[in-house]
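Here's the structure we're looking at; comments come further down.
In what follows, residues are counted from 1 in the order of the sequence shown. These figures come from a predicted structure and were not determined experimentally.
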Amino acid sequence: MFQELAGAIVIDADSIAHEVQEPGGAAYEAILNAFGKEVLLPDGRISRAKLGELVFRDPKKRTVLNEIIHPRVRERELELLEKYREHPLVILMVPLLFENQMESLVDKVVVVATDDAIRRERLKARSGWDDEEISRRLAAQLSDDEKVRRADYVIWNSGSMQETQSQVEALLKELGFLQTT
């Protein structure tokens, strides 16, 4: 929405994490060395589902994966931030911003939050995870309450898409990136 409404450049940490795990990507070989070929799909790509099962069941393995992926993702994020330094609005979309102590890289922190039941319902629909898997993955993150407490702005995403868009528009207007009508 920030991109559509205000022409923002969006740097998406999850997309970068996917890129570095692709064959030939910056983390591919290190992941294979750490977790073995059993995490591969028949076409040679890393199965994010298999890797996720391993690391969200074992905190030590999650630490190993994070030590492989996070520095490579951070390096690319920093390259892109530098590239777009002169652009008026750059969104650094990082699900683990606070967990990775990255607040200093941004001018303002906007947290998109929803209530727990809706989050779980959306995760189940999007990923097919069961309640136990969802709980494991959410336990690896700060709570929404803590993220909201630490944010400069909060967009509540429990309602309709239009309600969310109205909040984004209001924030963009407040920050001077959309004209008030």
Look up atom CD in Gln141 and atom CD in Glu99, then write down how far apart they are to the nearest 0.5 Å.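 It comes to 6.0 Å.
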Contact check, side chains of [X] and [Y], non-hydrogen atoms, under 4.5 Å:
X      : Y      : value
His70  : Leu65  : no
Thr114 : Trp156 : no
Glu103 : Gln101 : yes
Arg85  : Leu81  : no

Taking only residues two or more places apart in sequence or in another chain, which ones pass side chain to side chain contact (heavy atoms under 4.5 Å, CB included) with Val111?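 Side chain to side chain contact (heavy atoms under 4.5 Å, CB included) check on Val111 returns Phe98, Val109, Ala113, Lys147, Val148, Ala151.
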In plain terms, say whether [X] and [Y] are close enough for a salt bridge, that is, a side-chain N and a carboxylate O under 4.0 Å apart.
X      : Y      : result
Arg120 : Asp116 : yes
Arg149 : Glu146 : yes
Lys124 : Asp131 : yes
Glu133 : Arg136 : yes
Arg76  : Glu79  : yes
Asp58  : Lys60  : no

[X]-[Y] co-clustered via ILVMFWY side chain contacts under 4.5 Å:
X      : Y      : result
Phe177 : Tyr84  : no
Val20  : Val55  : yes
Tyr153 : Val112 : yes
Met93  : Leu175 : yes
Val154 : Met102 : yes

Residues [X] and [Y]: side-chain donor-acceptor under 3.5 angstrom:
X      : Y      : answer
Glu163 : Gln167 : no
Thr164 : Asn157 : yes
Ser166 : Gln162 : yes

Test side chain to side chain contact (heavy atoms under 4.5 Å, CB included) applied to Leu5 and Val168, Leu171, Leu89, the passing residue: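 Between Leu5 and the candidates, side chain to side chain contact (heavy atoms under 4.5 Å, CB included) is satisfied uniquely by Val168.
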Under the criterion side chain to side chain contact (heavy atoms under 4.5 Å, CB included), which of Asp152, Ile91, Leu92 is the partner of Val106? Leu92
Among all residues two or more places apart in sequence or in another chain, which pass the side-chain hydrogen bond (donor to acceptor under 3.5 Å, both in side chains) test with Glu4?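 In terms of side-chain hydrogen bond (donor to acceptor under 3.5 Å, both in side chains), with neighbours along the sequence ignored, Glu4 is linked to no residue.
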So, does Ser47 use its side chain to make a donor-acceptor pair with the main chain of Leu41 at under 3.5 Å?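 The answer is no, because no donor-acceptor pair under 3.5 Å joins these two groups.
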Whether over 12 other heavy atoms sit under 6.0 Å from Lys50 NZ: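 Yes.
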For Asp130, does the CG atom sit with more than 12 other heavy atoms under 6.0 Å from it, leaving out its own atoms? yes
Please report the closest heavy-atom contact between [X] and [Y], naming both atoms and the distance.
X     : Y      : answer
Gly7  : His87  : O-CE1, 3.1 Å
Val73 : Ala17  : CG2-CA, 3.7 Å
Glu53 : Arg137 : N-NH2, 4.0 Å

